[in-house]
Number of protein chains: 2
Amino acid sequence: MSGEPELFTIPARKGRAVRLGAGEAIQIVNTHGAQVVDTWAFSAEDPTEFLSNEHMRATLGKMWPGQGDPLVTNRRRPIMIMEKDTSPGWHDTLIAACDDYRYGLLGCEDYHDNCTDNLFAAMRRIGIEIFECPSPLNLWMNIPVAEDGTTSWGEPLSRPGDYVTLRARMDCVVAMSACPQDILPINGAACQPTEAHYRILPREG
Amino acid sequence: MSGEPELFTIPARKGRAVRLGAGEAIQIVNTHGAQVVDTWAFSAEDPTEFLSNEHMRATLGKMWPGQGDPLVTNRRRPIMIMEKDTSPGWHDTLIAACDDYRYGLLGCEDYHDNCTDNLFAAMRRIGIEIFECPSPLNLWMNIPVAEDGTTSWGEPLSRPGDYVTLRARMDCVVAMSACPQDILPINGAACQPTEAHYRILPREG
């Protein structure tokens, strides 16, 4: 195979899921620079094993992974490695995927696109039924934490074209949602969700 | 009914689960002062609705609940209210319940009591089968977070007899585990897990 691997789109406000073999990698691109991408990883063999923020934090001794860190499952195994991060490296593991309940509480009277439904739809689209929405790794989401434990809704620190490369340590499924949040400024001050992109990178060597 | 409600024991290293009607409360007592109690709450009607740290943090705008705050479910509803907290009010929502995998990684070669198995056993003991261990509200667990996002394993700031009162906003099941962690100092510098206690308080008024 020659040339750059194909670039796939995660449409604004929507989700996608892809299967990765052990050793393959996914490059997730913040095309326009201020888009949060909620990201999940499930074992291909048994989707009840998945990337789990609360288990990962205990293993890493920090709030979110950086370059070189493993993404850890609820069985405390590395499912992927964060091989590369060209962004300032500020991500979030504290905040649940948005859902229709959330937008209701924010004042929406009609259905609002949301990352939880995007996850279920993206998985279903590739033939996998799951029964819960794990706490996502929110790439580029900026949730400052004050010394007293209060949190706030920051804007991403990333720039157009920044990317994260996640390399699979086991056969897995990666799901992503270009977060449709347009009420709080987590996708930038303009509150304008945009598309993002991804590439699949082959095994190395 | 007259007098103080009966005091029940959560044996050191073990778990208990109790049913609460809406309006009743549970008082969880840190009898010896330095014991972390992993705590969960499930809807009695449908245990797939439960206290969810990642949804609660988004609602509260802080890392853990304090006196007067609602404990929020994965459907973004208050399941309980933290009505009273006599301790310095430092709790944890970042760290997963310990499990046998965890103790394996900490060097244990034999089975080690753990909060995850304690949850499943305590729920089964009152006839409820659950299929996952949600991220617990770790009462009195002290996980300092530095400005750069690194976390550390602190000792509880609580004192003997400190208690937290949680009042049910819906019919629910509360599960608790007196955390058997004896390798890291989260149950005090002596690494000596102890018993804790609880009382059921009637509806008010």
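Just so it is clear, the structure is predicted and the values come from calculations on it, not from any experiment. Lettering of chains follows the sequences in order, A, B, ..., and the numbering in each one begins at 1.
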Which atoms of B/Leu94 approach chain A - backbone, side chain, both or neither, heavy atom under 4.5 Å: both
Contact origin within A/Ile95 toward chain B - heavy atom pairs under 4.5 Å: both
Suppose we count any N or O donor within 3.5 Å of an acceptor, strictly below that value; which pairs fall between chain A and chain B?
from     : atom 1 : to       : atom 2 : distance (Å)
A/Glu54  : O      : B/Ala96  : N      : 3.1
A/Arg57  : NE     : B/Leu94  : O      : 2.8
A/Arg57  : NH2    : B/Leu94  : O      : 2.9
A/Gly61  : O      : B/Thr151 : N      : 2.9
A/Gly61  : O      : B/Thr151 : OG1    : 3.2
A/Met63  : N      : B/Gly149 : O      : 2.8
A/Arg76  : NE     : B/Asp99  : OD1    : 2.9
A/Arg76  : NE     : B/Asp99  : OD2    : 3.2
A/Arg76  : NH2    : B/Ala97  : O      : 2.9
A/Arg76  : NH2    : B/Asp99  : OD2    : 3.3
A/Leu94  : O      : B/Arg57  : NE     : 2.8
A/Leu94  : O      : B/Arg57  : NH2    : 2.9
A/Ala96  : N      : B/Glu54  : O      : 3.2
A/Ala97  : O      : B/Arg76  : NH2    : 2.9
A/Asp99  : OD1    : B/Arg76  : NE     : 2.9
A/Asp99  : OD2    : B/Arg76  : NE     : 3.2
A/Asp99  : OD2    : B/Arg76  : NH2    : 3.4
A/Gly149 : O      : B/Met63  : N      : 2.8
A/Thr151 : N      : B/Gly61  : O      : 2.9
A/Thr151 : OG1    : B/Gly61  : O      : 3.2

ring-ring contact (aromatic ring centres under 6.0 Å, His included) pairs, two or more places apart, involving residues 164-183 of chain A: none
Top contributor to chain A interface from B/Cys133, B/Gly61, B/Pro144 [non-hydrogen pairs under 4.5 Å]: B/Gly61
Region of A/Ala97 that comes under 4.5 Å of a non-hydrogen atom in chain B: backbone
